[in-house]
2 protein chains.
Amino acid sequence: MRMSELSGATGIPVATVKFYLREGLLPAGTPISATSAVYDGTHVERLRLIRALIEGAALSIAQVRRVTQTLDNPPDTWHGMLGTAQSVLCGPADEGVETAPADALLRRLGWAVGECSPARADLARALARLDAGGISVSPQDLDGYAASAQAAAVIDVAALPTDTPEAALRRAVVGTVLLDNVLIALRRLAQEDVSARTFAGRRTSGAATGAAIAETSRSTG
Amino acid sequence: MRMSELSGATGIPVATVKFYLREGLLPAGTPISATSAVYDGTHVERLRLIRALIEGAALSIAQVRRVTQTLDNPPDTWHGMLGTAQSVLCGPADEGVETAPADALLRRLGWAVGECSPARADLARALARLDAGGISVSPQDLDGYAASAQAAAVIDVAALPTDTPEAALRRAVVGTVLLDNVLIALRRLAQEDVSARTFAGRRTSGAATGAAIAETSRSTG
DNA sequence: ACAACTGGACAGTAACACTATCCAATATTG
DNA sequence: CAATATTGGATAGTGTTACTGTCCAGTTGT
């Protein structure tokens with residue numbers, strides 16, 4: 001197919017397709033003459049992926065480029081797959097962040113994570129921002145959140161395809177990023193459910209005890 | 001304190017403080033003359049909150065304004081608190097999204113969520129983008145992710161302060177948004193841990209069976 | 001008196017993700 | 001074969017967002 005058909009098949013304007021080609025997100029088509037090239041199903045698929053990452057996961061062009069470059073150039077260990085997936089979303093290496101709370105939490109959990117893992121810095125940053133926002137979370141609650149995250153991670157890893165490295169990489173990179181949104185939405189919905197069962201119509205003047213909340217919450221499992 | 005001191009206390013430039021005042025994110029100081037006003041600790045706290053939401057949770061100015069307006073004007077039911085927190089992050093009401101998968105999942109879970117809950121639309125969108133990105137997730141895995149999200153939500157609701165509505169609202173709004181990042185970082189780290197235990201050094205040429213993955217994962221709980 | 005500072009208005013900037021215009025070379029059509 | 005349309009590449013422009021810089025009248029401190 002020609003570029004205009006590619007555009008028609010995906011709903012993405014030709015000018016934007018050219019832009020993605022220029023930015024290296026979309027591989028060039030196979031040239032059939034000096035001024036023409038043809039595209040195929042892989043280009044349609046790649047374009048859909050680019051839109052899902054940009055619109056859905058709010059990745060920047062540079063981050064999408066890292067994803068697509070990784071897809072075109074996979075690492076050779078299974079463990080490297082998820083590491084690559086993570087490096088896509090890592091923030092800049094902030095030196096001024098207090099890493100002690102994050103380090104303490106990870107030590108308590110006993111997780112096997114690298115000292116320089118980008119996600120470790122992200123955790124430190126996120127905890128620092130909780131503090132800046134005036135939110136305090138008890139160590140017990142943090143452990144609970146960690147257990148919840150681990151349950152998701154176990155599903156993530158078990159769902160990795162084991163047939164081809166390409167499939168595993170795609171799943172690791174794209175699934176990790178796009179499933180973030182699913183998990184966030186599910187957490188909001190679960191909050192609504194738990195909150196409804198706990199506080200059903202209660203006015204803010206009434207006080208709910210932690211025990212009552214826990215009791216009501218337990219019944220929703 | 002004067003505006004320049006407020007700026008010094010938070011590290012935010014005076015011009016930016018003026019901008020936040022103009023945008024209605026920061027309440028005006030109490031005027032002491034026709035051209036001067038004084039600010040206090042609540043303004044410092046509010047500025048730190050604004051920065052945490054903008055830098056940490058990547059909220060837009062408009063979303064931060066919704067948060068601060070809600071903080072200044074709280075709803076009067078406990079359940080409304082979390083609903084308000086959720087409406088802050090809801091995307092636009094997209095009509096063209098396939099809601100059937102999200103509805104099916106929620107029906108299966110039996111959660112008490114409103115038909116028009118913004119998070120429901122967000123879930124539908126996120127699932128649609130998974131599809132567009134070429135990622136398929138089994139119903140069992142979705143149920144697993146939902147259980148993980150619910151575990152987090154139970155902690156969220158139990159951690160709501162019950163003394164004053166203001167504290168509860170602040171926790172609901174700010175904590176929900178800022179804890180998203182903590183949960184995402186924890187999921188990445190847990191992936192690294194689970195992946196390390198499952199695939200330790202294995203090359204992509206070797207095949208790992210789902211049973212082996214599940215077995216290894218179980219030992220990490 | 002007089003420089004310094006204050007807060008408000010308004011225009012300017014930088015980054016980002018496109019989007020529109022132009023162009024030479026080629027394809028298509030009558 | 002001539003006229004027209006289309007292609008891909010280069011380049012410049014647009015709209016949005018979150019600030020940031022400049023100016024100014026009024027007020028404050030010395």
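Contact check on A/Asp143 versus A/Arg108 returns a salt bridge, with a Lys/Arg side-chain nitrogen under 4.0 Å from an Asp/Glu carboxylate oxygen. Using a 4.0 Å cut-off between a side-chain N of Lys or Arg and a carboxylate O of Asp or Glu, B/Asp156 and B/Arg171 do not qualify as a salt bridge. Classification of A/Arg48 and B/Asp131 as a salt-bridged pair fails, no side-chain N sitting under 4.0 Å from a carboxylate O.
With rounding to whole Å, B/Ile32 atom CD1 is found 9 Å from D/dT28 atom C1'. Look at CE on B/Met1: it is 13 Å from P on C/dT6, rounded to the nearest Å. Rounded to whole Å, the distance from CG on B/Leu21 to C1' on C/dT6 is 12 Å. At whole-Å resolution of the value, CD in B/Glu23 and C1' in D/dT16 are 13 Å apart. In this structure, CZ of B/Arg65 is placed 12 Å from C1' of D/dA18, rounded to the nearest angstrom. Atom CD of A/Gln63 and atom P of C/dC16 are 11 Å apart (whole Å). Rounded to an integer number of Å, the gap from CG of B/Leu59 to P of D/dC19 is 12 Å. Rounding to whole angstrom units, CD of residue A/Glu55 and P of C/dA17 are separated by 13 Å.
Listed pair A/Tyr39 / D/dG8 meets the phosphate criterion, a side-chain N or O lying under 4.0 Å from OP1 or OP2. Proximity of B/Ser33 to the phosphate of D/dT28: a side-chain N or O atom is located under 4.0 Å from OP1 or OP2. Put simply, A/Ser36 has no side-chain N or O that comes within less than 4.0 Å of OP1 or OP2 on D/dT6. Put simply, A/Arg51 has a side-chain N or O that comes within less than 4.0 Å of OP1 or OP2 on C/dC18. Close to C/dT19, at under 4.0 Å from its OP1 or OP2, lies a side-chain N or O of A/Thr16. For C/dA17, neither phosphate oxygen OP1 nor OP2 lies less than 4.0 angstrom from any side-chain nitrogen or oxygen of A/Tyr20.
Among the nucleotides D/dT7, D/dC19, C/dT19, the one closest to any side-chain atom of A/Ser4 is D/dT7. Considering only side-chain atoms of B/Thr35, the nucleotide from C/dC18, D/dT20, C/dT6 that sits closest is C/dT6. In the set D/dA10, D/dT20, D/dA18, D/dA10 carries the atom at the smallest distance from any side-chain atom of A/Lys18. Listed nucleotides: D/dG21, D/dA18, D/dT7. Nearest to the side chain of B/Ile61: D/dA18.
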Between B/Tyr20 and B/Arg51, is a side-chain hydrogen bond (donor to acceptor under 3.5 Å, both in side chains) present by the stated rule, with each step listed?
CA-CA 11 Å; B/Tyr20 291 155; B/Arg51 297 306 301 171; 2.5 Å; yes

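Nearer the 5' end of DNA chain D, as judged by each residue's closest nucleotide, is the contact made by A/Met3, out of B/Phe19 and A/Met3.
Between the base of D/dT20 and the side chain of B/Arg22 there is a donor-acceptor pair shorter than 3.5 Å.
Closest heavy-atom contact between A/Met1 and A/Asp40: CG-N, 4.4 Å.
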